[in-house]
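Quick note: residue numbers are just sequence positions, from 1.
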Amino acid sequence: MTTPINESVTPPKDAAENAAPASDFIRDIVAEDNRTGKHGGRVVTRFPPEPNGYLHIGHAKSICLNFGIAGENPGGICHLRFDDTNPAREDVEYVDSIQEDVRWMGFDWGANKFYASDYFGRLYDFAVQLIKLGKAYVCDLTAAELIEYRGAPTVPGKESPYRNRSVEENLDLFARMRAGEFADGAKTLRAKIDMASPNIHLRDPAIYRIRKVGHHRTGSDWCIYPMYDYAHCLSDSIEGITHSICTLEFEVHRPLYDWILAELNTPCHPQQIEFARLNLGYTVMSKRKLLQLVEENLVTGWDDPRMPTLAGLRRRGVTPGAIRHFCARIGVTKYNGLTDIALLEHSIREDLNQQALRVMAVLHPLKVVLTNYPEDQVEELEAVNNPEDPAAGSRKVPFSRVIYIERDDFMEQPLPKFFRLAPGKEVRLRYAYIIKCVEVVKDATGAVTELHCTIDPDSKSGGATAGRKVKGTIHWVSAPHAVDATVRVYDRLFTVPEPDSSANGCDFKAFMNPKSLEILTNCKLEPSLVEAKPETRYQFERLGYFRADPIDSVPGVPVFNRIISLRDSWAKEQGKP
C-alpha cells in the first residue's frame, strides 16, 4: 500500500474488521473535535520513534493507535517521524528496522516520512526568537550543578547565576555555541520559565546542548542539538499535527509542550493526549535494557525470537494480525498497569489456530518396530491439513513398518490416567492403526532404545475394527521417510512477571529464564516439511506452533522455531503448590 502525502491511511482489513475497538477515550476526543470543528475537520497523527533501538511490542500499541485513528477518519493522515535529536545513540540501522517493522505491521506512511533533523535550521531560529523574547538564556552550569539547582518535587529550585544575562549576550553566546567554540557540556540553552514551579519540567529546562558528534543525516553540520521536549512540540507544530498522542509519562511534560508553542505563537498548536503505555509481564520494555541484553550477548541480537521486539516476534513466527488483535484486545486506557503476557499468547494461538497447517513431527524420537507389518510395504494415508479450514484440504503421509513416536508417549511403568503407550497397552496412531506394545528393548544402561509393537490391521479407517475405541491417540513419523531437523523451542525470557521491578532488586538479568531456549537436533519430521517456507506456519500436532527460521533454515536442512505451545504451561506451573 502506498499513500501519497495528504491522503488518508487505510488500516489493514483484518485490523479494521476484526480488531478495531468500538471506542476509547482518545477516539472520543477525536470524534468530539471533529464534531465541533476544532481542527478544521482535520485528523493528523504521528508515530514518532527515536532511532536508538529496535521497536518492541509496546511500540506496536502506539503504531496501531496512531495509524488506526488516522485510517478511521476520512482524510486522516499519520506521519512517520524520526525524532533524531541525539546522534550519540542513533543509527541508520535503527531507522531501517523501524520502517520495516511499521510496514510489517500492515501500515504505510506513503510520502509522510519526516525527521526532526529536517527542522534543525527552523528549530535554531525558534530558539533565537525565544532569546529575543527574553524567554531563554545561555547557562554555564555543569550537568551535576543543573540537577542540584533544579531542586526536588517538594523543594523549589535555585536560579542559575547566569539567568539574567542580557539578550545581546545570550544571542552572542548561542551563536558561538552553534559555531563550535565551546566544549561538550560547557554550556546549555535553557528556557526561562519558573524555578519555583511545582512541576520540575518547568524549572528552566535545557532546550539545547553542545554535542560534538556526527549525525547520521546532517553529518558535521551541527554541534548543538535540541532537547527532545523542545524539538518534539515544534516538529508537531511544523507538520500540522492535530492530535499528538503519547504515553502517560509525558503528561507532566505537557505544560512545557504548551508553553513553548504559546510563547512562540506558532500557527498550529497540536493537542497532546496521553495514554497508558504497554507494560507486559515476563519481559522488559525498556530499549536501554533490551540493548544491554544485546550488547552483553545474553541474546543473539535484536531479532532473537525470545525478545519482545517486533523483529524478534517476526522471526519467531508471530503474525502482524495477531499483534494487531492483541493491541485491540487490551484497549487504550489512562491508567498504568501490568498486562498479562498470557493475553498476547492467547491472541497468537487464536490467530495461528485458524491458519496453521497441521503436520506431524517427533521432537524426542523413540523408535517403534511394527512386527506384524510387512517389511517392504509403504502406505499413503490421508491426513487433514487444518480442521478449522476445510478449504485447506488434505495431504498424503507415508506409513511403514518402522516409525518414530514421542519418547514422552511411552511409559514403562505407567502412572494412573496415563492413556498413551505402555507394555501390553494399546493406542491409536493418528490417521492410522491401533498398535499394542509387546516388547521393550533396552541398551546396556537400561535405557529404552526401541519398542516392538503389533498393529490391529483392521483398525485403520474403513477397516472392520476402525470404530474400536482406545483411550489414547498419538502422532508418529515414518522412519524411512522422516526428515531430520533442528528445532528451537523458545519460552518466556524471564521467570517472574516484573523482572525490572524495584521489588525484585536492580538486576533484571538475574531473573532470566535458563530454559528460554532449548535446541533439539535429532528431530524427525514428516516429509512434507523438507522444503518448508518461512511464510508458512505449522501446527506440529500435540506439540505447538512452528515456522521455518527465515535465516538459518534452508531447503533440505530445515531449522524450525517454536512460535508458541498449544496451551499455557505457565498457568499450570503457577497452580502447583
Is there a side-chain contact between [X] and [Y] in this structure, where contact means two heavy atoms from C-beta onward sitting under 4.5 Å apart?
{"X": "Leu65", "Y": "Arg27", "value": "yes"}
{"X": "Leu146", "Y": "Ser160", "value": "no"}
{"X": "Tyr124", "Y": "Phe174", "value": "yes"}
{"X": "Thr266", "Y": "Leu234", "value": "yes"}
{"X": "Phe25", "Y": "Ile273", "value": "yes"}
{"X": "Met512", "Y": "Leu293", "value": "yes"}
{"X": "Ser97", "Y": "Leu55", "value": "no"}
{"X": "His59", "Y": "Lys287", "value": "yes"}

So which atom in [X] and which in [Y] form the shortest heavy-atom distance, rounded to 0.1 Å?
{"X": "Arg217", "Y": "Asp84", "answer": "CD-OD2, 3.7 Å"}
{"X": "Thr218", "Y": "Ser117", "answer": "CG2-CB, 4.1 Å"}
{"X": "Thr85", "Y": "Pro226", "answer": "CB-O, 3.4 Å"}
{"X": "Val138", "Y": "Tyr162", "answer": "O-CB, 3.7 Å"}
{"X": "Ala276", "Y": "Lys334", "answer": "CB-C, 4.3 Å"}
{"X": "Ala88", "Y": "Arg211", "answer": "CB-NH1, 3.9 Å"}

Would a distance-only check, ignoring hydrogens and angles, find a side-chain to backbone donor-acceptor pair under 3.5 Å from [X] to [Y]?
{"X": "Asn112", "Y": "Trp109", "result": "yes"}
{"X": "Ser244", "Y": "Gln271", "result": "no"}
{"X": "Tyr137", "Y": "Val167", "result": "no"}
{"X": "Arg103", "Y": "Asp108", "result": "no"}
{"X": "Asn73", "Y": "Ile69", "result": "yes"}

Test log, rule salt bridge (charged side-chain N to carboxylate O under 4.0 Å, His left out), inputs Lys192 and Asp204: CA-CA 5 Å; Lys192 185 187 287 189; Asp204 292 9; over 6 Å; no
N-O pairing of [X] and [Y] below 4.0 Å:
{"X": "Arg315", "Y": "Asp552", "result": "yes"}
{"X": "Arg89", "Y": "Glu50", "result": "no"}
{"X": "Asp140", "Y": "Arg165", "result": "yes"}
{"X": "Glu345", "Y": "Arg492", "result": "yes"}
{"X": "Asp172", "Y": "Arg176", "result": "yes"}
{"X": "Asp491", "Y": "Lys515", "result": "no"}

Answer with yes or no whether the side chains of [Y] and [X] bring together a donor and an acceptor at under 3.5 Å.
{"X": "Asp28", "Y": "Ser23", "value": "yes"}
{"X": "His243", "Y": "Asn66", "value": "no"}
{"X": "Lys135", "Y": "Gln129", "value": "no"}
{"X": "His325", "Y": "Asp351", "value": "no"}
{"X": "Glu93", "Y": "Tyr54", "value": "yes"}

Enclosure of Lys289 NZ (heavy-atom neighbours >12, cutoff 6.0 Å):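 It does: Lys289 NZ has more than 12 such atoms within range.
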Derivation and outcome, side-chain contact (heavy atoms from CB on, under 4.5 Å), residues Gln272 and Asp258: CA-CA 9 Å; Gln272 179 173 305; Asp258 291 334; 5.6 Å; no
Sole candidate of Arg316, Arg488, Arg314 that passes salt bridge (charged side-chain N to carboxylate O under 4.0 Å, His left out) when paired with Asp549: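 It is Arg488; the other options fail the test.
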Test salt bridge (charged side-chain N to carboxylate O under 4.0 Å, His left out) applied to Glu239 and Arg46, Arg42, Arg122, Arg81, the passing residue: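 Looking at Arg46, Arg42, Arg122, Arg81, the match for Glu239 under the salt bridge (charged side-chain N to carboxylate O under 4.0 Å, His left out) is Arg81.
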Trace of the side chain to side chain donor-acceptor pair (under 3.5 Å) decision for His216 with Asp91: CA-CA 6 Å; His216 68 98; Asp91 197 280; over 6 Å; no
For [X] and [Y], I'd like to know if the aromatic rings sit close, meaning centre-to-centre distance below 6.0 Å.
{"X": "Tyr115", "Y": "Phe82", "value": "yes"}
{"X": "Phe120", "Y": "His215", "value": "yes"}
{"X": "Tyr225", "Y": "Tyr208", "value": "no"}

Verdict with reasoning, Phe511 to Val496, per side-chain contact (heavy atoms from CB on, under 4.5 Å): CA-CA 7 Å; Phe511 299 98; Val496 296; 3.7 Å; yes
Tyr94 and Trp302 aromatic ring geometry - parallel, tilted or perpendicular at 30°/60° bounds: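 Perpendicular, since the angle between the ring planes exceeds 60°.
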Working for salt bridge (charged side-chain N to carboxylate O under 4.0 Å, His left out), residues Arg209 and Asp184: CA-CA 8 Å; Arg209 79 286 210 194; Asp184 279 16; over 6 Å; no
Spacing of CG belonging to Asn199 relative to CD belonging to Glu251, to within rounding of 0.5 Å: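 Asn199 atom CG to Glu251 atom CD measures 10.5 Å (nearest 0.5 Å).
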Leu338/Tyr282 under side-chain contact (heavy atoms from CB on, under 4.5 Å): CA gap, chis, key distance, verdict: CA-CA 10 Å; Leu338 182 67; Tyr282 292 95; over 6 Å; no
ring-ring contact (aromatic ring centres under 6.0 Å, His included) partner of Phe250, the single match among Phe275, Tyr228, Tyr257: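 Result for ring-ring contact (aromatic ring centres under 6.0 Å, His included) with Phe250: Tyr228.
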